[in-house]
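The block underneath contains the structure these notes are about, expressed in structure tokens.
Every chain is numbered from 1 and lettered A, B, ... according to where its sequence line falls, protein lines coming before strand lines. The figures here come from the full heavy-atom set of this structure, side chains too, leaving out hydrogens, waters and symmetry mates.
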Amino acid sequence: MNTYDQIIQLSLERGFYFPSSELYSDASAGFWEYGPNGVKIKNKFLELWRRELVRRDNMLEIDGSQIMSKNVFMASGHLSNFTDPVVKCKKCLSSFRADKLIQEEANLEVPERMANEGVNELISKYGLRCPLCKGEFSPAERFNMMFKVEIGPNHDEAYLRPETCQSIFVDFSRIYKVSRGKLPLGIAQVGKSFRNEISPRQGLLRLREFYQAEIEVFCNPSQLDNQPRYDEIKNTKLRFYDQKIIELTVQEAIDQKILSNQLIGYYLALLVEFFDKTGIDKNRTRLRKLSDEEKAFYSTIAFDFEVDTSIGWLELVACNYRSDYDLKSHSTTSKTNLEVMDDNSKVLPHVFELSLGVDRCIYSIMEHSYFVDRENDDRAVLKLKPYLSPVHAGVLPLLRKPEFKDKASKLLKNIQRDFDIFYDESGSIGRRYRRLEEIGTPFAFTVDHQTLEDETVTVRYRDSMQQDRIKMSDVKSFLYNNINDYSS
RNA sequence: GCGACGGUCGUCCAGUUUGGUCUAGGACAUCAGAUUGCCAAUCUGGUAACCCGGGUUCAAAUCCCGGCCGUCGCACCA
């Protein structure tokens, strides 16, 4: 069994995540739910993201609507760029992207957003037939990747957002004013986005409803090489991929023109330093510059932060320099001036974004943390960072006798409001340790015979399986010190 | 969306070829009890499943049709 299957199995067995609506047979693909352990690791991951990016750089966090008006997506370009013309073969029912089909079969450059009528014309003009069975095509239809919703009794047209960042752009002007912002300014948001994928696959890796944690950095395009606190990160090493991996400091990458300015370098460095603390193996990550064909329609410079997994390289974060694409088009569509004052001059800010796929990160962290200990009965251990572990510690009475249970529940009561603690008195002590380490619990406190004499407990460490004794009264500070240890 | 293959306790698998003995079996996990008392021990007992809908048949986990889901390939992937 490969690692991907092991993680799926662990997730199902231990309640990290599982398919949505699975009780019913009409449940469709691409929707998954986080169970109790999954929610805990997700929340802790997002707290780490806030710590290492949002708070570190004094960003502002908002929480926008998931349903947004049609005009938002007219302006953003999603209504025209997010729909593909599709034709179906009447005979074998295969469907094709019409623009690609015409391009290949008739050797014509066809714009993606060509109207259906244009597509139909070209198909009949060149007498195109199904490449698989030579059948005739039905008229072109649009496949829109956005979920359309209707609002109120008049069925007003609106959409579920396909990326969280549109509310950041739409809200930018107000946020900038009310928070007395200064460029460069990061605005962050965590939330659900929705895309009607044609064929979602592979659990958390390709979903129709998924979490994004996005950061939009608004900046003055004339100040990109005047980045505050640049010195903090100029020697941070980044791993670039172009045929092979090249490790360079931010400054070296700028000198070699791989990065075009300090601002991009600064935020890529923050991102990389953040991922260092997630437990994802740095040596299995890379920054890949996207070619013009791969880039999103709004992007002028694009890097993907990717991680190597058992099923190949996976894109975790899309880093796009969106220039003034969004603010300009929202400004035009809404007929509102979105310029702001910076250094006594009016400027329409440019945007650099770090768009992170939360669900993929959770999967990657689990996979990179999964460890089978060949020297100890092949025990399965999730070597999560203590601050990301769903359960911080176990509290275990060695024996199921009243005097042990009393001490244990006293300890539990003392710490369970500050930490995620699992109390377990069933089964042998070894079995209980194994259950805890399988979900990544870094510490276990065992109430044993000696506890009754001197009020100390055993601390057992997940990775080394070693044990120490500490005073019961010191357990809380032990946890504060060890759970909050972010030095990697 | 197309094609191939698959879907049975929480998990993994047997049973489907050749319909009946399947009142669906095992392993691991889980629960209760006994025993032990610091690393998945042992014993006893329990809970727990044929993806959904329709059809063929005296009889369907097994055969047929449709749907859903999964894996892989093609296509798609802001």
Side-chain angles (χ1 to χ4, degrees), chain A residues 1-2 4-6 8-15 18-31 35 73 76-84 86-89 91-97 100-101 104 112 130-133 141 143-146 161-163 165-166 193-203 205-208 212 294-299 302 311 315 318 320 322 355 357 373 376-380 396-401 404 426-438 444 446-450 457-462 464-467 469:
Chain A
M1 189 159 52
N2 66 29
Y4 174 80
D5 292 325
Q6 283 173 318
I8 287 277
Q9 185 170 331
L10 179 68
S11 298
L12 292 170
E13 278 179 4
R14 306 307 305 270
F18 40 82
S20 179
S21 314
E22 63 177 339
L23 215 47
Y24 292 99
S25 59
D26 63 347
S28 46
F31 301 94
F73 301 111
S76 72
H78 286 91
L79 271 175
S80 46
N81 289 312
F82 228 54
T83 74
D84 299 327
V86 174
V87 288
K88 266 191 180 175
C89 169
K91 200 170 141 200
C92 72
L93 300 177
S94 307
S95 59
F96 301 88
R97 275 275 299 268
K100 298 219 163 170
L101 182 95
E104 280 167 23
E112 242 177 65
C130 171
L132 299 180
C133 75
E141 292 169 33
F143 181 76
N144 194 319
M145 296 269 290
M146 285 197 292
R161 59 184 181 188
E163 52 178 6
C165 60
Q166 288 308 322
S193 289
F194 304 83
R195 292 178 195 175
N196 204 352
E197 296 281 352
I198 295 173
S199 70
R201 268 181 203 184
Q202 291 178 313
L205 305 186
R206 196 116 164 261
L207 297 162
R208 289 188 166 126
Q212 288 187 306
E294 288 178 289
K295 280 188 313 202
F297 59 85
Y298 45 66
S299 180
I311 51 173
E315 172 195 342
N320 292 301
R322 298 175 77 124
S355 172
D373 187 351
N376 291 289
D377 312 315
D378 292 350
R379 68 185 182 124
L396 319 170
L398 183 63
L399 305 183
R400 216 181 216 174
K401 289 182 179 168
F404 291 80
S426 94
S428 74
I429 191 70
R431 177 182 295 263
R432 282 179 272 166
Y433 289 148
R434 298 291 159 92
R435 280 196 287 240
L436 285 170
E437 62 203 15
E438 197 183 4
T446 306
V447 170
D448 55 22
H449 294 94
Q450 199 178 325
V457 290
T458 301
V459 194
R460 187 258 193 191
Y461 297 90
R462 173 193 69 198
S464 64
M465 297 172 66
Q466 298 204 324
Q467 305 191 340
R469 288 206 80 79

Starting from [atom2] on [N], measure out to [atom1] on [X] and report it in whole angstrom.
X	N	atom1	atom2	result
D373(A)	A40(B)	CG	C1'	13 Å
E437(A)	C39(B)	CD	P	13 Å
E197(A)	C69(B)	CD	C1'	17 Å
I8(A)	G7(B)	CD1	P	18 Å

Could you work out the separation of [N] and [M] based on their [atom1] atoms and round it to a whole Å?
N	M	atom1	value
C12(B)	G7(B)	P	12 Å
A40(B)	C77(B)	C1'	42 Å
G25(B)	A48(B)	P	12 Å

Closer than 4.0 Å, any side-chain N/O of [X] to the OP1 or OP2 of [N]?
X	N	answer
R431(A)	U30(B)	yes
T458(A)	C38(B)	no
R14(A)	U30(B)	no
S426(A)	C31(B)	yes
R206(A)	C76(B)	no

How do R460(A) and R435(A) order along RNA chain B: which one's closest nucleotide is nearer the 5' end?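 The residue closer to the strand's 5' end, by nearest nucleotide, is R435(A).
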For L12(A) and E438(A), find the nucleotide of RNA chain B closest to each by heavy atoms; which residue's nucleotide sits nearer the 5' end?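 Final value for this comparison: L12(A).
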Taking pairing as Watson-Crick or G-U wobble with both contacts under 3.5 Å, can you name the mate of [N], or confirm there isn't one?
N	result
A48(B)	none
C28(B)	G10(B)
G70(B)	C5(B)
C22(B)	none
U17(B)	none
C39(B)	none

Residues D448(A), R469(A): salt bridge by 4.0 Å N-O rule: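 Looking at D448(A) and R469(A), the cut-off is met.
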Within the 3.5 Å criterion, strictly below it, is a donor on T446(A) or Y433(A) matched to an acceptor on the partner's side chain?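 Present: a donor and an acceptor within the cut-off.
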Among the candidates C12(B), A40(B), C38(B), find the nucleotide nearest to the side-chain atoms of Q9(A).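 The nucleotide sitting nearest to the side chain is C12(B).
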